[in-house]
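Each chain gets a letter, A, B and so on, in the order the sequences are listed, and its residues count up from 1. Excluded from the calculations below are hydrogen atoms, water molecules and symmetry mates; all remaining heavy atoms, backbone and side chain alike, are included.
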2 protein chains.
Amino acid sequence: MFSQQERALLDLPAFAALATLMPDGAPQLTVMWYRRDGYSLRMIAPADTRKARNLEHDPRVAVIVEEPGNSYHFVEIRGTVEIVHDDDAARAELERIAERYIGDRAKDYAAGLSADPRLLLVVHPEKTVYHPGGG
Amino acid sequence: MFSQQERALLDLPAFAALATLMPDGAPQLTVMWYRRDGYSLRMIAPADTRKARNLEHDPRVAVIVEEPGNSYHFVEIRGTVEIVHDDDAARAELERIAERYIGDRAKDYAAGLSADPRLLLVVHPEKTVYHPGGG
């Protein structure tokens with residue numbers, strides 16, 4: 001379970017830095033939209049991207065979400081990603097995720113995407129560290 | 001060399017997300033102050049921290065720096081960290097780094113630190129990807 005403070009932070013329209021592992025084991029980072037769903041984070045990636053190929057090879061990830069405008073307040077999550085190979089489900093989820101960031105424009109955004117298949121990524125935390133900041 | 005756009009972004013008082021590798025190879029993330037110095041980024045870490053122990057074990061890192069207030073504009077860097085075991089050099093560098101973020105308070109901040117030894121971390125990029133955002 002996320003704590004109440006963690007949920008409050010994660011439910012802001014903040015961005016996630018997602019660390020995956022390259023085939024040689026080196027770390028790789030991208031900035032992601034996401035949506036919290038219970039004790040998981042949901043993200044979308046085109047299947048033909050570096051991060052998606054990395055996750056197919058090794059599902060271990062780390063995620064940091066910082067409070068917009070206050071990077072001293074952040075939560076770090078280590079865990080694994082479950083990959084859902086369902087383009088329809090991924091697009092439906094992407095529209096929900098996009099609403100967090102662009103509101104009413106999410107439907108048009110989702111409708112305008114390329115046909116490249118999308119993966120639904122479900123981050124399952126194993127360890128969470130909360131940094132309240134303000135120190 | 002960083003491009004002019006990359007330098008302009010990196011020289012903002014932005015925060016870096018630093019990905020290191022746990023002993024089992026899983027990724028780990030922290031938020032860091034840094035300072036660009038030519039084609040490197042300088043950071044400081046207490047020697048007795050997870051990230052420092054990770055780097056002693058495996059120097060491969062990834063770094064993301066986002067524009068404050070505009071996470072669509074970011075640069076990702078993959079490379080390796082050179083660890084300088086010189087507490088005096090690390091503290092001198094930390095004061096310079098801190099000036100980027102807290103200005104005149106940097107001297108008091110540096111003077112008030114614990115006696116725990118600090119490491120100077122020099123990130124040497126091998127690959128840099130610039131995301132101009134605004135799409």
Seminar exercise, completed: With chain A, the option among Val61(B), Thr30(B), Ile64(B) that has the most non-hydrogen atom pairs under 4.5 Å is Ile64(B)
Atom group of [X] that falls short of 4.5 Å from chain B, counting heavy atoms:
| X | value |
| --- | --- |
| Glu76(A) | side chain |
| Asn70(A) | neither |
| Val129(A) | neither |

A quick test of your reading: do over 12 heavy atoms of other residues, nucleotides or ligands sit less than 6.0 Å from [atom1] of [X]?
| X | atom1 | value |
| --- | --- | --- |
| Arg53(B) | CZ | yes |
| Arg50(A) | CZ | yes |
| Asp104(A) | CG | no |
| Arg105(A) | CZ | no |
| Asp48(A) | CG | no |

[X] side chain near [Y] side chain, heavy-atom distance below 4.5 Å:
| X | Y | value |
| --- | --- | --- |
| Leu21(A) | Leu21(B) | yes |
| Leu29(A) | Leu29(B) | yes |
| Arg60(A) | Met22(B) | no |

Problem set entry | Spacing of Ser71(A) atom OG and Tyr101(B) atom OH [to the nearest 0.5 Å] |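 Here the rounded value is 9.0 Å.
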Seminar exercise, completed: Ranked by heavy-atom pairs below 4.5 Å to chain B, first place among Val31(A), Ile77(A), Val63(A), Thr80(A) goes to Val31(A)
Problem set entry | Most contacts with chain B, counted as non-hydrogen pairs under 4.5 angstrom, among Thr20(A), Asp24(A), Asp58(A) | Asp24(A)
Seminar exercise, completed: Nearest heavy-atom contact between Pro27(B) and Ala19(A) is CG-O, 3.7 Å
Exercise. Does Phe15(B) have its ring centroid less than 6.0 Å away from the ring centroid of Phe74(A)?
Worked result: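 Ring centroids of Phe15(B) and Phe74(A) are no less than 6.0 Å from each other.
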